[in-house]
Amino acid sequence: MPDDPARPRPIKHSPRTAEEIVFSHPSEQELARVLDFYGIEWQYEPVTFPLEWDENMVVTEAFAPDFYLVQEELFVELTTLRPKLMRVKKRKLARLKELYPKVNVRLWSRNDFERFLQRFGMSDKSQELVGKDAVRQ
């Protein structure tokens with residue numbers, strides 16, 4: 001994507017070791033564990049995408065998808081928020097796609113993650129990771 005001088009560039013972060021990563025939610029840690037088990041190379045929050053900025057090019061809103069799946073060239077935002085609270089994330093993803101159309105990004109909802117766990121025979125972890133007690137308020 002050619003640089004657009006009218007907006008800030010995405011911010012690439014240095015890779016972190018597994019010991020340096022602090023996951024925001026237990027579901028993210030579980031996804032990382034499954035990806036490792038299947039040998040899928042991933043990075044945690046490697047890029048922050050500016051979404052809004054002021055007249056001085058100071059970023060006022062940004063979005064850092066949770067995972068980047070290297071071979072798939074895919075960013076994944078995993079959220080176990082209640083569906084009605086996902087509006088903000090969906091808006092940010094729509095803005096990201098508008099500003100960075102070549103970026104491949106997917107939102108995995110609570111239901112998507114539950115299906116993922118079931119697919120890999122981990123439905124017993126579903127309540128723990130995406131149940132009402134695991135959902136951030």
Side-chain angles (χ1 to χ4, degrees):
M1 174 172 56
D3 290 337
D4 181 351
R7 69 172 180 233
R9 288 193 209 138
I11 303 156
K12 295 183 180 183
H13 306 287
S14 299
R16 292 179 273 174
T17 65
E19 295 79 29
E20 295 173 318
I21 295 172
V22 178
F23 293 102
S24 298
H25 192 274
S27 60
E28 294 175 353
Q29 187 170 12
E30 189 63 21
L31 177 57
R33 191 181 73 72
V34 172
L35 294 172
D36 285 344
F37 181 81
Y38 285 99
I40 298 170
E41 186 179 353
W42 58 273
Q43 297 171 353
Y44 186 69
E45 297 181 342
V47 180
T48 299
F49 295 94
L51 301 178
E52 300 290 335
W53 48 91
D54 65 18
E55 63 279 351
N56 298 317
M57 301 296 281
V58 173
V59 176
T60 58
E61 184 176 38
F63 187 69
D66 298 318
F67 289 89
Y68 180 66
L69 307 183
V70 177
Q71 279 76 29
E72 292 76 12
E73 297 182 356
L74 172 67
F75 287 94
V76 175
E77 174 63 19
L78 175 61
T79 184
T80 57
L81 295 171
R82 289 185 176 95
K84 68 180 183 180
L85 300 176
M86 287 184 54
R87 188 178 83 243
V88 172
K89 293 236 181 174
K90 287 180 180 180
R91 181 190 58 77
K92 285 185 174 188
L93 281 171
R95 179 73 173 148
L96 189 149
K97 288 178 181 183
E98 174 187 324
L99 293 171
Y100 311 97
K102 293 184 180 181
V103 172
N104 189 13
V105 61
R106 298 286 181 268
L107 174 64
W108 284 14
S109 70
R110 180 180 183 172
N111 290 336
D112 295 329
F113 190 59
E114 285 178 328
R115 283 191 295 274
F116 174 84
L117 292 173
Q118 290 169 354
R119 181 176 179 194
F120 288 97
M122 301 169 60
S123 55
D124 58 323
K125 286 199 169 247
S126 178
Q127 184 63 29
E128 173 189 338
L129 296 169
V130 297
K132 66 178 183 168
D133 295 334
V135 176
R136 283 194 237 165
Q137 300 298 323

Stepwise, does the side-chain contact (heavy atoms from CB on, under 4.5 Å) test hold for F116 with V34? CA-CA 10 Å; F116 174 84; V34 172; 3.5 Å; yes
Run the side-chain contact (heavy atoms from CB on, under 4.5 Å) check on K92 and E61 step by step: do they pass? CA-CA 9 Å; K92 285 185 174 188; E61 184 176 38; 3.2 Å; yes
Is there a side-chain contact (heavy atoms from CB on, under 4.5 Å) between V105 and Y100 once you walk through the steps? CA-CA 10 Å; V105 61; Y100 311 97; over 6 Å; no
Mind running side-chain contact (heavy atoms from CB on, under 4.5 Å) on L107 and M86 for me, showing each step along the way? CA-CA 10 Å; L107 174 64; M86 287 184 54; 3.2 Å; yes
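One hydrophobic cluster, built from ILVMFWY side chains closer than 4.5 Å, cannot hold both V88 and L78; they sit in different ones. In terms of hydrophobic clustering, with Ile, Leu, Val, Met, Phe, Trp and Tyr side chains grouped at heavy-atom distances under 4.5 Å, V59 and L93 are assigned to different clusters. No path of Ile, Leu, Val, Met, Phe, Trp and Tyr side chains, each step under 4.5 Å between heavy atoms, connects L99 with V58, placing them in separate hydrophobic clusters. V70 and F49 fall within the same hydrophobic cluster, defined by Ile, Leu, Val, Met, Phe, Trp and Tyr side-chain heavy atoms under 4.5 Å apart, directly or through other members. V22 and V76 fall into different hydrophobic clusters, defined by Ile, Leu, Val, Met, Phe, Trp and Tyr side-chain heavy atoms under 4.5 Å apart, directly or through other members.
In this structure the side chain of V47 never reaches within 4.5 angstrom of the side chain of Y68, judged on heavy atoms. Taking 4.5 Å as the limit, every side-chain heavy atom of Q43 sits out of range of all side-chain heavy atoms of H13. Considering only heavy atoms from C-beta on, E41 stays 4.5 Å or farther from L69 through its side chain. The closest side-chain heavy-atom distance from L31 to W42 is not below 4.5 Å. Using a 4.5 Å heavy-atom cutoff, the side chains of L96 and L51 are in contact.
Looking at D36 and R33, no side-chain N of the basic residue comes within less than 4.0 Å of a carboxylate O on the acidic one, giving no salt bridge. The pair E72-R106 does not count as a salt bridge, with every side-chain nitrogen at least 4.0 angstrom from each carboxylate oxygen.
Counting all heavy atoms, side chain and backbone alike, E28 lies closest to S24 at OE1-N, 2.9 Å. The two residues P50 and P8 come nearest to each other via the heavy atoms CG-CB, 3.9 Å. Closest approach of F63 to P65, counting heavy atoms only: O-CD, 3.6 Å.
Rounded to the nearest 0.5 angstrom, E114 CD and Q118 CD are separated by 6.5 Å. Expressed to the nearest 0.5 Å, how far OG of S109 lies from CZ of R115 amounts to 6.0 Å. Taking OG1 of T48 as the start and CD of E45 as the end, the distance is 7.5 Å to the nearest 0.5 Å.
Atom CD of E73 is surrounded by 12 or fewer heavy atoms from other residues, nucleotides or ligands within 6.0 Å. Atom CD of Q29 is surrounded by 12 or fewer heavy atoms from other residues, nucleotides or ligands within 6.0 Å.
E77 contributes a side-chain N or O that, together with a main-chain N or O of D66, makes up a donor-acceptor pair within less than 3.5 Å.
Ring geometry, Y44 versus F23: the interplanar angle exceeds 60°, so the pair is classed perpendicular (tilted spans 30 to 60°).
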